[in-house]
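As structure tokens, the structure follows; a few thoughts come after it.
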Amino acid sequence: MSDCLFQRYRAHVLDVLRRIVPDISEDLLARVELTPTRDPAHGDMATNAALIAAKPARRKPADIAADIATSLLGVEGIASAEAAGPGFVNITLNHSVLQDVIPAVLKAGESFGDSQIGKGTKVNVEYVSCNPTGPIHVGHCRGAVVGDALANLLDKAGYDVTKEFYINDAGNQVAALAWATYWRYLQAIGSTMDAEAFNAITPNGLQYQGEYLIPIGQALAEAHGTSLAEDGAKPAPAEKWFTLVKDFAVARMMDGIREDLLTLGVKHDVFTSEAKVLADGVTDRAIKMLEAKGLLYEGVLEPPKGKLPDDWEARPQTLFRSTEFGDDVDRPLRKSDGTNTYFANDIGYHLDKIERGEQVLVDVLGADHGGYVSRMKAAVKALTDGKVALEILLCQIVHIVRDGQPVRMSKRAGTFVTLSDLLDEVGKDAVRFTMLTRKSDAQMEFDLDAVVAQTRDNPVFYVQYAHARCRSVLRAAEEMLGAEAVTSAALETVSLKALIADAEIALLRRIASWPRTIEGAAAAREPHRIAFYLGDLAADFHALWNRGRDETTLRFLQENDREGTLARVALVAATAMAIRSGLAVMGVEPVEEMR
RNA sequence: GCGCCCUUAGCUCAGUUGGAUAGAGCAACAGCCUUCUAAGCUGUGGGUCAAUGGUUCGAAUCCAUUAGGGCGCGCCA
């Protein structure tokens with residue numbers, strides 16, 4: 001039996017349609033949908049089959065709909081089917097079909113909703129990938145959560161997923177980190193050089209002046225004493241310390257980043273170093289491949305329109321013909337001094353992923369990388385002749401708000417809000433859930449007060465509260481019926497005939513649509529849909545709970561009705577399981593009770 | 001100037017890839033607690049889906065143009 005009701009009955013609809021319109025094409029059949037109805041008055045599910053088939057059959061949609069409806073009446077489990085609106089067929093299922101969802105959920109446990117649409121396709125999801133030059137800050141947080149949830153979602157949908165972090169440890173930024181760390185090291189061994197004095201001797205100037213490098217400098221001093229400096233804590237020539245300090249600082253920064261990510265519940269499978277990709281020669285190989293395809297040339301770019309940089313002058317560079325793959329202008333692979341651009345290294349890195357056998361590459365990036373999308377897609381297309389897809393998810397900016405006022409972030413002054421600050425304040429689960437309550441391509445306000453509020457309008461609270469209520473009912477049921485009567489295994493076999501109230505059916509219908517929610521969200525790469533599904537599921541459960549306030553027969557536990565009580569307890573257990581299954585995708589822990 | 005993203009109720013946002021009368025929470029209004037289920041619940045009002053044109057059985061959704069907001073735009077990563 002298929003896990004998904006909608007797939008199962010869609011197959012019946014297709015059978016019927018083939019009989020009524022024998023010569024219908026497979027293309028058209030693929031467009032036939034069976035979807036949950038928005039309005040319960042329209043039954044449990046509706047199909048557009050007649051609307052699709054009307055044109056090739058040269059009949060009115062309503063007539064075909066009527067024929068389909070009549071034939072569907074013979075299908076097991078269908079209580080009624082009728083033509084409606086412009087040519088829909090509304091289907092109402094027997095209560096027993098919806099009730100049978102419960103044992104399926106209880107048997108599957110948290111794997112309820114697992115799908116095979118991914119067919120084991122190897123997908124690499126790269127996310128966070130911040131520079132290892134400072135603590136991870138809130139700007140990276142959304143990408144971290146979205147990437148992680150997307151990876152979980154694709155995994156649940158049957159893809160073979162790798163979670164990956166790219167360490168940008170090869171460019172000017174880490175050189176600047178090394179210099180700044182060295183400054184803190186000199187201070188740690190007694191130098192009194194201030195920022196201004198050190199800035200004067202630093203190539204490109206002293207950049208990272210935040211206090212977070214002070215302990216790193218002290219650690220260097222502990223490990224190496226004064227050996228990295230000249231006598232009297234004076235700066236030594238860079239050759240003497242640069243590589244050592246750089247590697248030391250990057251390693252410490254990555255430790256901190258990894259730790260912060262772990263606190264956020266994010267754990268990557270693979271960390272790939274830009275420096276290592278370079279050292280392995282993958283980047284050179286990628287450039288040679290592009291060259292062999294005739295896609296590189298020496299040229300001079302037009303100056304950018306509008307804002308002309310002050311120091312602009314025409315210089316020849318090695319350019320990649322990205323315009324042949326839909327980009328606006330060709331892009332430089334080498335700077336005028338002959339060294340690689342970041343783009344060139346990134347092409348090498350993507351080739352590395354491709355050579356590892358990844359079939360779909362997903363990059364989760366911040367909105368400030370928007371200008372980067374088309375060139376990187378062009379590069380992957382060029383390298384693989386279009387065989388590997390690169391998908392890029394841009395996460396728009398998050399504005400942190402407190403008391404209705406924006407919280408300022410200034411990286412330069414070192415006073416930016418770090419991820420660990422945010423986690424300390426509102427907790428991992430609230431951060432993760434809230435970051436998934438918007439589609440990622442829309443800007444978002446993150447209200448520090450609202451996300452911890454224990455009120456109806458806080459979706460984190462609302463969903464957790466539903467789960468806690470479920471658990472509370474199950475605990476009470478154990479008390480009343482004995483623990484062995486309410487185990488999952490025991491509840492799989494109870495009679496569910498008592499579950500016929502509207503609110504109970506509505507909840508069952510919602511649970512039944514979890515598998516197709518997973519498939520839709522995975523196909524669209526939209527993890528936020530899981531948050532909204534859980535909100536709806538919680539609303540249905542709370543509605544049922546509240547119905548019991550007025551109508552006592554709808555309360556879950558009834559002393560004088562063992563069969564009905566067991567049926568409702570099974571429903572509650574299935575609801576809790578569906579919530580847990582959804583929270584697992586989001587990386588949020590379900591709570592047992594609210595405090 | 002160009003490219004990408006966004007614009008849906010007073011506010012914050014959904015809208016299941018083109019489906020039926022566009023939804024939810026907050027706010028507003030009207031009710032509901034000596035709690036076996038009120039950190040809450042029930043009901044009501046609230047819309048030219050930024051604008052215009054197009055595509056078709058059917059458009060908030062796709063295309064074109066326009067307006068407003070965000071991000072980006074050769075040797076930063």
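Order of the sequence lines fixes the chain letters, A, B, ..., with proteins taken first and strands second; residue numbering starts at 1 for each chain.
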### Task
Looking at every strand, decide which applies to A:T341 at a 4.0 Å heavy-atom threshold: base, sugar-phosphate, or nothing.
nothing

### Task
May I have all residue pairs that pass side-chain hydrogen bond (donor to acceptor under 3.5 Å, both in side chains) and include part of residues 33-50 of chain A, sequence neighbours excluded?
A:D44-A:R509

### Query
With a 4.0 Å cut-off on heavy atoms, is A:A54 in touch with a base, just the backbone sugar-phosphate, or nothing at all?
nothing

### Query
How would you label the contact of A:K60 with the nucleic acid (heavy atoms, under 4.0 Å): base, sugar-phosphate, or nothing?
nothing

### Query
Do NZ/NE/NH1/NH2 and the carboxylate oxygens of A:R547 and A:E504 come within less than 4.0 Å?
no

### Query
A:Q443 has a side chain; which of B:A77, B:G15, B:G70 sits nearest to it?
B:G70

### Message
Just N and O in the side chain of A:K55: are any of them under 4.0 Å from OP1 or OP2 of B:U56?
### Response
no

### Query
Any chance the side chains of A:Y297 and A:Q317 put a donor and an acceptor closer than 3.5 Å?
no

### A:Y127 and A:F165 aromatic centres sub-6.0 Å
no

### Query
For A:L319, which contact category applies under a 4.0 Å heavy-atom criterion: base, sugar-phosphate, or nothing?
nothing

### Query
Using purine N1 to pyrimidine N3 plus N6-O4 or O6-N4 for Watson-Crick, or N1-O2 and O6-N3 for G-U wobble, both under 3.5 Å, which nucleotide pairs with B:G23?
B:C13

### Query
Given B:G40, B:G15, B:A20, which nucleotide is nearest the side-chain atoms of A:T37?
B:A20

### Query
Using a cut-off of 4.0 Å on non-hydrogen atoms, how would the nucleic acid contact of A:P332 be classed: base, sugar-phosphate, or nothing?
sugar-phosphate

### Message
Regarding A:A539, tell me which of base, sugar-phosphate or nothing describes its non-hydrogen contacts under 4.0 Å with the strands shown.
### Response
nothing

### Query
With a 3.5 Å cut-off and no angle check, do the side chains of A:Q173 and A:Y208 form a donor-acceptor pair?
yes

### Task
Check every strand shown and say whether A:D536 touches a base, only sugar-phosphate, or nothing at a heavy-atom separation below 4.0 Å.
nothing

### Task
Consider the side chain of A:T552, meaning its heavy atoms from C-beta on, and name the nucleotide among B:U16, B:C36, B:A14 that approaches it most closely.
B:C36

### Query
Using a heavy-atom distance cut-off of less than 4.0 Å, which residues of residues 167-179 of chain A contact RNA chain B?
A:N168, A:N172, A:Q173

### Task
Could you measure between the two P atoms, the one in B:A20 and the one in B:A60, and give it in whole Å?
9 Å

#### Entry: Given B:C57, B:C6, B:U16, the nucleotide with the shortest approach to the side chain of A:D441
B:C6

### Message
Measuring from the side chain of A:A524 (C-beta onward, heavy atoms only), which nucleotide among B:U17, B:A39, B:G3 has the closest atom?
### Response
B:U17

### Task
May I ask you to say what A:Y465 touches in the nucleic acid, namely base, sugar-phosphate or nothing, with a heavy-atom cut-off under 4.0 Å?
base

### Query
Considering only side-chain heavy atoms of A:H369, which listed nucleotide, B:A77, B:G19, B:G40, is closest?
B:A77

### Query
Counting only Watson-Crick or G-U wobble pairs whose two distances fall under 3.5 Å, which nucleotide matches B:G68?
B:C6

### Task
Kindly state whether the pair A:F88 / B:A20 counts as stacked, where counting means centroids closer than 5.5 Å and planes tilted less than 30° apart.
yes

### Task
Tell me what A:R334 touches on the nucleic acid: a base, only sugar-phosphate, or nothing, going by heavy atoms under 4.0 Å.
nothing

### Message
Under 4.0 Å, counting only non-hydrogen atoms across every strand here, what does A:F343 touch: a base, just sugar-phosphate, or nothing?
### Response
nothing

### Query
Given the side-chain rings of A:H542 and A:Y462, with only the six-membered ring counted for Trp, is the space between their centroids under 6.0 Å?
yes

### Message
I want to verify a distance call: between B:C13, B:C36, B:G15, whose nearest atom is closest to the A:E526 side chain?
### Response
B:G15

### Message
Partner lookup for B:U48, please. Criteria are Watson-Crick or G-U wobble with both distances under 3.5 angstrom; report none if nothing qualifies.
### Response
none

### Task
Taking only Lys NZ, Arg NE, NH1 and NH2, and the carboxylate oxygens of Asp or Glu, determine whether A:E593 and A:R471 approach each other closer than 4.0 Å.
no

### Message
Classify A:A367 by what it touches in the nucleic acid, base, sugar-phosphate, or nothing, heavy-atom distance under 4.0 Å.
### Response
sugar-phosphate

### Task
Could you tell me whether the side chains of A:T318 and A:K335 share a donor-acceptor contact shorter than 3.5 Å?
no

### Query
NA contact type, A:T339, heavy-atom cut-off 4.0 Å: base, sugar-phosphate, or nothing?
nothing

### Message
Nearest whole Å is fine: how far is B:A38 C1' from A:R469 CZ?
### Response
9 Å

### Query
Across all strands, who's sitting opposite B:G58 as a Watson-Crick or G-U wobble pair, both distances under 3.5 Å?
none

### Task
Determine, for A:R555 against A:D561, whether the closest basic-nitrogen to carboxylate-oxygen distance falls under 4.0 angstrom.
no

### Task
Report the base-pairing partner of B:C29 (Watson-Crick or G-U wobble, both distances below 3.5 angstrom), or none.
B:G43

### Query
According to a strict under-4.0 Å criterion, is A:R438 in side-chain N/O contact with OP1 or OP2 of B:C13?
yes

### Query
Rounded to whole angstrom units, what separation is found between the CG atom of A:D39 and the C1' atom of B:U21?
9 Å

